[in-house]
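A note on names: the letters A, B, ... follow the listed sequences, proteins ahead of strands, and every chain is numbered from 1.
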2 protein chains.
Amino acid sequence: MPNKKNEDLPGKTVERLSQYRRLLFNSLQEGKTNIYSHELARLMNLTPVQVRRDLMLIGYSGSQSKGYIIKDLVNLIGKIIDSDTGQRIAIVGMGNLGRAITSYFLGKREKLSIVAAFDNDPQKTDRIIAGVPCHHINKLKEIVPAESISIAVLTVAPEATYEVAKQLLEAGIKGILNYTSVPLTVPEGVHLEEYDIITSLEKLAFHVK
Amino acid sequence: MPNKKNEDLPGKTVERLSQYRRLLFNSLQEGKTNIYSHELARLMNLTPVQVRRDLMLIGYSGSQSKGYIIKDLVNLIGKIIDSDTGQRIAIVGMGNLGRAITSYFLGKREKLSIVAAFDNDPQKTDRIIAGVPCHHINKLKEIVPAESISIAVLTVAPEATYEVAKQLLEAGIKGILNYTSVPLTVPEGVHLEEYDIITSLEKLAFHVK
DNA sequence: TTATTATTGTGAAAAAAATTACAACTTACA
DNA sequence: TGTAAGTTGTAATTTTTTTCACAATAATAA
Ligand SMILES: NC(=O)c1ccc[n+]([C@@H]2O[C@H](COP(=O)([O-])OP(=O)(O)OC[C@H]3O[C@@H](n4cnc5c(N)ncnc54)[C@H](O)[C@@H]3O)[C@@H](O)[C@H]2O)c1
Ligand SMILES: NC(=O)c1ccc[n+]([C@@H]2O[C@H](COP(=O)([O-])OP(=O)(O)OC[C@H]3O[C@@H](n4cnc5c(N)ncnc54)[C@H](O)[C@@H]3O)[C@@H](O)[C@H]2O)c1
């Protein structure tokens with residue numbers, strides 16, 4: 001098997017693969033079938049060499065005349081970053097942000113699906129919101145394993161973060177994407193990703209200054 | 001003047017400074033006055049050396065006995081990443097995401113303020129939403145210079161992205177934080193930051209797999 | 001046929017970022 | 001007093017990421 005080990009792909013490359021695929025989808029829909037490294041680079045705001053290097057790392061080869069075949073490349077990226085069986089996601093905290101994320105994400109990825117939401121507000125529970133069934137938070141430990149949910153997006157009120165994260169870990173969650181701006185630590189084997197718009201804005205403001 | 005040149009701070013350090021400050025605020029509110037590098041490191045999920053290294057780069061010194069004085073450190077970080085005069089921000093596209101961001105951000109930072117929003121839906125314009133006046137998009141070119149807005153957060157519908165970005169650039173914007181997942185390119189001198197939750201989720205999914 | 005141009009793939013170098021190793025200091029207390 | 005424990009600051013090293021430089025190949029046109 002001539003495939004590269006995917007585990008040792010540089011972290012940055014993994015991030016970019018996701019973005020390549022998004023842009024390649026667009027190009028496909030515009031009717032393009034092939035793309036050159038410099039075209040993809042321009043869309044991504046990076047250099048053609050970096051594109052070629054990333055594709056080299058995943059073992060994909062293009063041709064000097066036609067560049068890369070978009071469909072093949074999309075498929076290969078899928079093989080690498082998607083799991084075969086697909087992964088199931090829960091939104092925890094169905095407020096403004098939770099709803100915005102859910103309706104944005106809906107149906108965008110074949111192998112990733114938001115299958116449940118949780119909240120503690122009775123107004124929001126036991127009904128379908130933004131296309132996803134919203135359960136009471138006290139059913140979390142039951143539903144997460146039952147629905148084979150491996151990833152949680154955390155968008156609860158800040159003061160609930162710690163308690164809810166604890167429950168998620170006890171329920172056997174494998175990855176948490178934390179938007180609450182309350183710092184978390186997770187045990188070995190669980191993956192954590194955090195994002196705060198204020199960090200992005202302050203970084204931007206620093207450079208604009 | 002013994003101050004370090006701020007321009008040559010590593011990009012990653014700038015990002016972390018913003019996060020340090022957020023966590024230090026929390027600690028202050030809990031009544032702490034001093035903090036050790038290993039405590040801050042734990043909150044940030046990184047190593048104590050890296051914390052010390054970052055603080056070294058901004059020229060801050062602690063003491064072996066008490067660690068760092070939180071108040072002083074917060075002030076120094078402010079001196080470095082905030083602009084003296086403050087910077088003014090517009091939200092462009094007051095939908096789910098625009099509102100979520102606006103209400104989250106409100107009043108969180110002294111030197112960064114969201115002073116205007118824009119939309120093209122008459123239901124949303126000429127009134128105050130989430131504490132911010134929302135104008136019709138066709139007033140953008142007039143209001144951006146009049147209000148000295150230097151940074152825009154782009155949360156319009158995807159199909160409007162390109163046109164709206166063009167108007168922002170013509171209005172003299174200096175930084176764009178783009179959430180639309182439609183790729184943008186900006187001229188020299190304008191700063192661009194992009195974020196897509198799907199990239200975060202796919203990265204997480206890859207590691208969880 | 002033979003230059004010319006445009007492209008990919010990749011080794012090697014450079015740059016950026018993180019980690020290691022440890023000197024220097026401070027406090028506590030035996 | 002002396003020593004053990006705990007801390008900061010930083011030089012040196014290692015690791016990761018990006019960029020440079022160029023060989024190899026294909027298409028095109030003189
Ligand atoms: N990282 C970012 O860039 C960013 C941006 C906006 C908001 N936020 C944060 O995201 C979170 C959500 O923001 P929002 O604007 O949607 O707020 P929101 O108040 O609209 O939503 C919070 C939701 O959490 C629910 N909740 C509260 N306690 C709960 C509990 N114990 N168990 C289950 N659900 C519970 C509430 O019922 C509500 O539906 C907040 O913590 C906010 O600070 C982060
Ligand atoms: N990056 C991410 O993680 C992420 C997450 C969620 C949504 N999104 C994207 O962010 C954007 C907003 O998402 P949303 O859920 O708030 O959608 P939404 O439909 O609720 O909001 C879009 C807003 O843009 C306004 N708009 C449309 N055309 C406009 C124009 N020409 N000028 C001014 N305003 C205009 C609409 O009136 C609406 O208020 C979308 O592009 C969506 O794809 C990105």
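Judged by distance alone with a 3.5 Å cut-off, a donor-acceptor contact links the side chain of A:R53 to the base of D:dT19.
Comparing A:G11 and A:V49 by the nucleotide of DNA chain D whose heavy atom lies nearest to each, the residue mapping closer to the 5' end is A:G11. Residue-to-nucleotide proximity on DNA chain D shows that, of A:K66 and B:P48, the 5′-proximal contact is made by B:P48.
Distances shorter than 4.0 Å separate some side-chain N or O of B:R52 from OP1 or OP2 on D:dT8. Checking the phosphate oxygens (OP1, OP2) of D:dA27, a side-chain nitrogen or oxygen of A:S65 falls inside 4.0 Å. Remark: A:Q50 is in phosphate contact with D:dT18, judged by side-chain N or O atoms under 4.0 Å from OP1 or OP2. Residue B:R16 has a polar side-chain atom (N or O) positioned under 4.0 Å from OP1 or OP2 of C:dA18.
Taking only side-chain atoms of B:P10, from C-beta outward, the nucleotide of C:dT7, C:dA21, C:dA17 with the closest atom is C:dA17. Comparing C:dT7, D:dG9, C:dT10 against the side chain of A:Y36 picks out C:dT7 as the nearest.
A distance-only check finds no donor-acceptor pair linking the side chain of A:S113 to the backbone of A:V115 [under 3.5 Å]. The main-chain N or O of B:A100 is never found under 3.5 Å from a side-chain atom of B:N96 such that the two would form a donor-acceptor pair.
Nucleic acid contact for B:S61: sugar-phosphate only, since backbone atoms but no base atoms lie under 4.0 Å from a heavy atom of the residue. Note on A:S37: only backbone sugar-phosphate atoms sit closer than 4.0 angstrom, heavy atoms only; bases stay farther off.
Distance A:D72 CG to C:dT8 C1': 16 Å, rounded to the nearest Å. As a whole-Å value, the separation of A:I69 CD1 from C:dT8 P is 13 Å. For the pair A:I35 CD1 and C:dT7 C1', the interatomic distance rounds to 14 Å; values are reported in whole Å. Between the P atom of D:dT28 and the CD atom of A:Q64 lies a distance of 13 Å, rounded to the nearest Å. We find that CE of A:M56 is positioned 14 Å from C1' of D:dC20, with the value rounded to whole Å. Residue B:H38 contributes atom NE2, which lies 17 Å from atom C1' of D:dG9 at whole-angstrom precision. Rounded to whole Å, atom P of C:dT10 lies 11 Å from atom CG of A:L55. Summarising the geometry, the separation between CG on B:L57 and C1' on C:dA18 is reported as 12 Å, rounded to the nearest angstrom.
Screening A:L168, A:T161, A:D119 against A:V92 for a side-chain contact (heavy atoms from CB on, under 4.5 Å) leaves a single residue, A:L168. The salt bridge (charged side-chain N to carboxylate O under 4.0 Å, His left out) test with A:E202 singles out one residue from B:R22, B:R21, B:K111, and that residue is B:R21.
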*Please walk me through it: do B:D82 and B:E110 pass side chain to side chain contact (heavy atoms under 4.5 Å, CB included)?*
CA-CA 9 Å; B:D82 293 337; B:E110 214 180 315; over 6 Å; no
